[in-house]
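First the structure, in the form of C-alpha cells, and then the observations on it.
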Amino acid sequence: MTRQGEPRSARPASEDRDAIFRDGRRLDHAEASSKPLHTPAEAQPRGARLRGNRPVDQAEAAGRFIAAPAHQKMHDERLWDLRQKRDREMHGIEEWEELRALASAVKEHALTHLDAYLEEFEANATRNGVHVHWARGAAEHNRLVHGILADHGARSLIKSKSMLTEECGFRHYMSSVGIEVIETDLGERIQQLDNEDPSHVVVPAVHKLRTDVAQVFAATIGTDPDNSDVHYLAEAQRQSNRPLILAADAGMTGCNFAIAETGTFVVCTNEGNADLSANVPKLHIASIGIEKIIPRLDDLAVFVRLLSRSALGSPITQYTSHFRGPREGGEMHIVLVDNGRSARLGMAEFWTSLKCIRCGACMNTCPVYRRSGGLSYGATYSGPIGLIIDPTFNARKYSNLPFASTLNGSCSNVCPVKINIHEQIYAWRRELVKQHEVPFAKKAAMKAAGELLSRPAAYRAAIAATRTALDHLPDFVVYNPLNAWGKGREVPQPPRQTFHAWYHASRGGKS
Ligand code: SF4
C-alpha cells in the first residue's frame, strides 16, 4: 500500500490510474474491486436445464460451471472467504455454542406450538392495525397479493429480497397480470434484469463476475459494457432504480422473524432497501412463511447475534428494521404463507429443516456448492439446505439433489440453528429409494454392493480379483462416456497388500 513510506491515498490521481475518486477523495475501501478485471473470454455458465417434472440433472449443470474456470475460481474463493469471516466472528463470541443451542431450542419450541403462536401473532398484528391474510400455497399467495394491489389500483410494486416469493413464482405471476415488479436489492435486481433466479439465499448474484454484471447492465440500463468498475455499476443501477422506487404504487418485503407476542416483524438487510420498499409507497405488503414465527421479542436477540455473523461474517446487518403497523395514512397487509410447510412439519425426519433462518452458511462451506454454483440445482433453494427442502416440494423433480453432497457434515457444523443437515440429506437418499425415485442402474448397483459387503468371504475374493483386473483392464472400461465416475478421476494404484491381509500377517493369524 505504500511507496517509499507514502500512503497510496496521498498520491495524486495522475500517478494511480486504478484509483477511483469522488469529490476529490479516493475511495480506498473498495480499491481492489475498482481495478480493471482482465478475465479470459468466458461466457457466464447458465443454470440447470429444466424439463417439466423430469429430474434436474445437477451434475450436468455443475459440469458446465466447473468448465468455466474464472467463474468457478471466483465463486469458490468468494464463498470460502465468507466462511472464514464467519469463523473469525464465531471465535470472538465465547458463548457461540450456547447461542446455537438456544436458537435451536427456541425454533423447535415455536414449531411444535406453531398453531398457538400463529394465532397470537395474527391477533396482535390485527390489533396494531395490520390486515392479516392466510395463503395455503403459492397460487393462493399470488392471487391474494394481486387482489390487494388491484383494490388499490396499483400497477407497480417495489420489493425487497424474499426467498418465499421466489418459491411462489411471484414475479412471473405479476408480469402475467400486468403488474411491474422492481427488485430493490442490488443482487436480486441484477438477477431480475438478467432473467435468472437468485443463486444464493443471501448473495443472489454471487455466481457472476463483475464483467457479467457489466454486460447485463449494458443490455438493460445502457451502461458501458467495457466498464466493470463496481462503483460505476452500483451508481448506475441506483440512478436507474431510484425513480422507479419513488414512483411505485406499492411496496413488498419478506420477513426474517415474526414475533408472536408483539405482532411485529423484522427484516434484516445491508442496503436499506426493505425500508424503502416498506416506507416510500403508502401500501406495504409483507409475505411471511409460517415458520418465521418466534415467541417473544427477547428471543430475537439470539437470532440477530447469529444471523449476520453466520451469513457474511459481520457482527450485524446494516439495517435491522422492525415493522409494527401501517405508516401514517397508509395500509399494511401481512400474508402468512404455508406452501408445504405444514406437510414438512409432519415429516419425522425432515421437520427440523423448518428451523432454517436462511443465513446461507451451509452453502458457503459446502465443497459441492462452492464449485458448482447455485443455479446448477435448478431449484429455489440450493446447497445443503436445498437438498433437504427441495424434495419436499417435488420428490421426483429434485430426486438427484440429495446425491450432490459428500456428506462431510461441515454444513451441520456451521448451521446456527443446529439442523442436522447432512443426516437429513442421507435420510432423503433412503427415502427416495423407498419412493422408487432413484434410477434403476443406481439402485441395482447399490443392491449388489450391499450383498457383497454383507458377505466377508465374497468381499475379500472380489477385492483380490479387482486388484488383478485393474492391472490388466483396458482404459476404456473405466474412462468411457457411460461411466460418470471416470470423468476427472484417476483410478488409484491399489496397494500390494490389503489392510486385512497385513493385519492377519502381522498378528500371526490372531484377531
Ligand atoms: S440450514 Fe442452517 S446454515 Fe443453512 S441456511 Fe439454514 S440456518 Fe443457515
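Counting starts at 1 for both ligands and their atoms, in listed order. Residue indices begin at 1 and follow the sequence shown.
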Check: Trp428 and Ile388 side chains under 4.5 Å, non-hydrogen atoms: yes

Basic-acidic side-chain contact under 4.0 Å: Arg370, Glu77: no

Ligand 1 to Cys362, heavy atom cutoff 4.0 Å, flagged ligand atoms 1 (S), 3 (S), 4 (Fe), 5 (S)

May I ask which of Val417, Val414, Ile385 has a heavy atom nearer to atom 1 (S) of ligand 1 than the others do? Ile385

For atom 7 (S) of ligand 1, the closest protein heavy atom turns out to be Ile357 N, 3.4 Å

Proximity flag Ser310 to ligand 1, non-hydrogen atoms under 4.0 Å: no

At a 4.0 Å threshold, what atoms of ligand 1 neighbour a non-hydrogen atom of Ile421? 1 (S)

Counting only heavy atoms not in Arg78, do more than 12 sit closer than 6.0 Å to its CZ atom? no

What atoms of ligand 1 come closer than 4.0 angstrom to any heavy atom of Cys359? 3 (S), 5 (S), 7 (S), 8 (Fe)

So, do His322 and Phe257 have ring centers that fall under 6.0 Å from each other? no

Can you classify the ring geometry of His131 versus His333 as parallel (below 30°), tilted (30 to 60°) or perpendicular (above 60°)? parallel

Within 45° of the six-membered ring axis of Phe393 and under 6.0 Å from that ring's centre, is NZ or CZ of Arg344 located there? yes

Considering non-hydrogen atoms of the protein only, which is the closest contact for atom 2 (Fe) of ligand 1, and what is the distance? Cys415 SG, 2.4 Å

Gly360 heavy atoms within 4.0 Å reach ligand 1 at atoms 5 (S), 8 (Fe)

For this output row, return yes or no: ring centroids of Phe65 and His75 closer than 6.0 angstrom. yes

Is the distance from atom 2 (Fe) of ligand 1 to the nearest N/O/S atom of Cys356 under 2.8 Å? no

